[in-house]
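Remarks on the structure that follows.
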Amino acid sequence: MTSAKQLSPQGTNLLQNRGIKRLLQSRWYPAIVQWPTLILFMLIMFQLLLGPSSAHDNFGTALTWVLWWPLIPIMFVFLGRFWCAICPFATLNDLVQKIVGNHRPVPRFLKKYGIWIIDALFIFITWSDHVWGVVENPWGSGILMLTLTTGVVFSGAFWERRTFCRHLCFLGGLSGNYARSGMLAIRATPEICADCTKAACYKGSAHTPGCPLFEFPKTMTSNANCNLCAHCLKNCPNDSIQLLLRPPTQELWFIRKPRLEEAFLSAVIMGIVFVQNITMLEVWGSILHVLERLTGTDSYYVTFSSAFLIAMAIPVSLLLIVSWVVARLNGAPMLRNFTLFGYAIIALDIAAHIGHNLFHLLAEGKSIFYTGLALLGKQVGHGLSPAILSMSAIQGLQYALIALGFLGSSYVAYRIARSNFPQHTWRSFLPYGALMLLLALINIWLFAMPMAMRM
Amino acid sequence: MIAGRSGRLMQVVLLLVASLWVVPGAQADGGGEPEMIREVDGYKIGLVFSQEPSLGENKVSVIVEDHQQRGVGAASVMILVRLSEQESSARAEDTHPVEGSESIHDTDGAKPDDHDDDPASEIAHDDADASNSDEQHASDEHTSAETGRDQHPPTSYVLEAGHAIGEFEGLVVLETAGAWELIVILEAEGKRLEALFPVHIEGRNVRGGILAAILGINLAIIAAAAVVKPRSAQITKNERQFS
């Protein structure tokens with residue numbers, strides 16, 4: 001169904017600008033950002049493990065959960081997975097690999113089930129945050145980071161390239177999904193690559209290693225596993241690589257190899273955003289009481305897990321139901337519809353995720369300044385509001401984001417319907433359009449309610 | 001030459017990364033929930049520890065907000081500290097053969113210099129000590145019904161108004177590791193409110209042990225990788241690192 005035109009790179013090639021091209025080809029890129037990030041990460045770790053035990057006063061908590069975490073989905077939209085190129089865990093992986101790396105091939109089970117492991121890890125980490133209070137507890141956040149570090153050290157020590165980032169990192173899975181909507185993409189020029197037999201972009205060269213995330217630009221059609229490290233650009237002897245500026249969500253219009261686990265993850269992320277919002281609402285206490293009555297226990301493990309499962313089940317079930325309905329209308333199997341149109345939720349996922357995190361950034365943002373000054377021995381901010389914007393202004397931004405997300409998801413659903421079911425475009429699209437509207441309304445309803453702060 | 005420098009640089013960086021675990025491992029102690037909020041009769045009462053709750057003196061703040069989320073300044077705030085019922089029964093069972101042989105209660109044993117050099121903290125500490133005698137009667141009332149708390153009888157501490165409206169600060173002493181209960185007793189607007197906050201104090205070496213274990217695992221991984229590293233995996237042109 002996918003035409004050759006759809007597979008060829010589309011967008012403005014930013015490498016036509018000499019300055020950008022020289023920057024990306026420089027040996028200092030991305031190291032110039034990578035090393036300061038690692039140093040900042042070490043400062044954060046010291047603060048989390050040794051600093052004030054109250055999240056309210058901890059600079060590490062403020063930098064991690066009030067600044068970095070809210071900014072990361074925004075970065076995915078504008079820069080794709082660039083974060084993964086400068087991530088301190090990736091740098092640590094490379095360091096360990098340089099010294100003791102065994103460079104063994106990625107185990108087959110990771111290649112086959114890696115994304116399911118990522119899905120499970122993402123769900124588990126979100127669950128454990130609520131049950132054990134990881135975000136609210138600097139020590140807990142520090143231990144989470146150290147646990148990830150251990151996984152990274154193991155992966156770097158035994159497996160080749162950045163196996164952890166590609167097949168195990170929970171954030172990598174999330175960013176992979178989000179990066180498909182990203183506005184920057186690296187692609188090769190098919191006409192130039194057609195005669196190339198060197199594959200230096202993948203294998204590496206004397207001066208630069210190959211793709212750390214196992215991508216082969218010649219056949220790459222997705223941004224999900226490209227971190228814009230520009231190794232391929234530095235290695236290509238034929239000047240085939242392009243850095244494309246493209247409209248957000250464009251990649252989702254033509255998913256060449258849709259995968260059930262990725263579609264499932266996009267629906268699960270929506271459920272996770274629901275539960276993140278619900279637990280911050282003032283009605284959360286009442287919801288817990290209802291769950292305690294229903295489950296017959298006041299154990300938070302049980303009540304929260306029930307709420308968590310229900311929240312995740314809502315978008316997954318809705319997507320399944322709509323896919324079943326659409327299967328009756330367009331004749332395609334239900335699971336094929338689920339897999340194809342699951343990607344359409346990603347735009348709304350990003351909008352809801354940014355909207356939720358925007359609350360933390362804008363309602364608690366000054367805490368970064370206060371805790372930073374406290375680190376220098378200057379106590380300020382006690383009793384002062386950490387808010388940067390008023391609640392009504394934040395809510396306005398959240399509604400605008402959800403509206404954008406709804407438009408993005410609806411348009412993606414339409415394009416998926418058009419490219420896969422040209423005979424039944426509207427029949428395939430309309431039920432999914434209604435689903436996107438329903439999900440958008442649920443998000444708006446959640447954002448309309450008063451929320452509690454973290455800092 | 002460059003490769004040699006690069007190798008040394010890597011070693012330095014790895015040492016720095018390793019120090020992430022070693023230093024905290026040597027210093028960390030204690031454990032528990034640093035920040036808790038209870039809602040009582042429409043009032044929000046928050047208890048905040050300035051550091052992770054630990055053995056000895058702990059600087060705490062109590063934040064009180066009314067139902068409109070305004071700080072309640074005109075209030076008197078006291079914290080009653082006692083061992084949890086389960087902890088005290090467990091200790092009563094453990095110490096049964098020598099019950100009553102030691103029932104020393106000495107909050108003066110806490111040394112401000114151990115944890116906090118802030119003069120304001122010392123003032124708060126003095127105030128807390130001064131208030132002990134005034135509040136001992138209230139403490140005794142709570143104690144009478146708790147037969148298992150002989151060794152560590154409940155102690156009350158009066159908190160001073162803090163920097164912000166609705167914020168009260170002071171010191172509390174947690175004498176041993178285990179499960180404690182901090183009861184914030186608040187009198188405001190003609191009402192008396194109580195909020196219970198369970199706090200668990202870990203032994204001094206628990207956190208250090210956890211960090212040492214993680215460090216050990218990481219070092220073991222690196223050592224194992226170095227041992228089993230095949231010659232073919234030596235760094236080649238095509239398998240240079242991504243730095």
Side-chain angles (χ1 to χ4, degrees), chain A residues 31 34-35 38-39 42 45-46 49-57 85 90-104 133 136-139 142-143 146-147 149-150 153-154 156-158 160-162 200 203-210 212 229 231 285 379 382-384 452, chain B residues 6-7 10-11 13-14 16-17 19-21 23-25 27-28 30-35 37 39 48-54 61 63 71 162-167 207 210-211 214-215 217-219 221-230 232-243:
Chain A
Q34 202 176 9
W35 289 98
L38 181 66
I39 291 165
M42 291 167 77
M45 288 299 287
F46 269 108
L49 295 169
L50 279 179
S53 60
S54 161
H56 181 272
D57 299 323
T91 311
L92 183 63
N93 175 90
D94 298 350
L95 284 171
V96 171
Q97 208 163 55
K98 197 159 213 164
I99 296 167
V100 295
N102 280 233
H103 305 281
R104 296 181 186 206
E136 284 82 9
N137 181 347
W139 166 256
I143 291 297
L146 287 182
T147 308
T149 302
T150 306
V153 167
F154 183 89
F158 290 101
E160 59 180 332
R161 310 195 189 202
R162 291 186 184 171
K203 293 178 183 171
S205 63
H207 53 83
T208 308
C229 67
H231 286 178
Q379 296 295 335
H382 272 288
L384 298 176
Chain B
S6 165
M10 291 308 148
Q11 284 169 0
V13 172
L14 267 192
L16 280 172
V17 173
S19 71
L20 274 177
W21 298 295
V23 177
Q27 296 181 5
E33 199 177 353
E35 192 173 2
I37 295 173
E39 197 160 338
V48 183
F49 282 80
S50 66
Q51 296 284 327
E52 193 75 25
S54 59
S61 303
I63 295 158
H163 300 299
I165 296 171
E167 187 179 334
R207 287 195 168 188
I210 292 171
L211 293 169
I214 296 175
L215 173 66
I217 292 168
N218 280 276
L219 289 178
I221 292 168
I222 290 171
V227 169
V228 301
K229 185 177 179 178
S232 58
Q234 298 296 325
I235 297 169
T236 65
K237 284 180 182 176
N238 286 341
E239 287 295 344
R240 278 162 51 95
Q241 288 313 297
F242 316 104
S243 55

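Proteins get letters first, then strands, A, B, ... in listed order; numbering begins at 1 in each.
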note = So CG of A:Leu146 and CD1 of B:Ile210: to nearest 0.5 Å the spacing works out to 10.5 Å

query = Taking only residues two or more places apart in sequence, or in another chain, which ones meet B:Ile165 in a side-chain contact (heavy atoms from CB on, under 4.5 Å)?
reply = none

inquiry  = Just verifying a value: how many Å separate B:Ile217 CD1 and A:Phe154 CZ, rounded to the nearest 0.5 Å?
reply    = 12.0 Å

remark   = Scored by heavy-atom pairs under 4.5 Å with chain A, the best of B:Gly71, B:Ala225, B:Ala223, B:Ala224 is B:Ala225

remark   = Taken to the nearest 0.5 Å, the spacing of B:Arg207 CZ from A:Ile143 CD1 works out to 8.0 Å

message = Heavy-atom cut-off 4.5 Å, strictly under: side chain, backbone, both or neither for B:Val228 against chain A?
response = both

key: Euclidean distance, A:Thr149 OG1 relative to B:Leu215 CG, rounded to 0.5 Å   = 11.5 Å

query = Considering only heavy atoms from C-beta outward, does the side chain of B:Lys229 approach that of A:Ile99 to under 4.5 Å?
reply = no

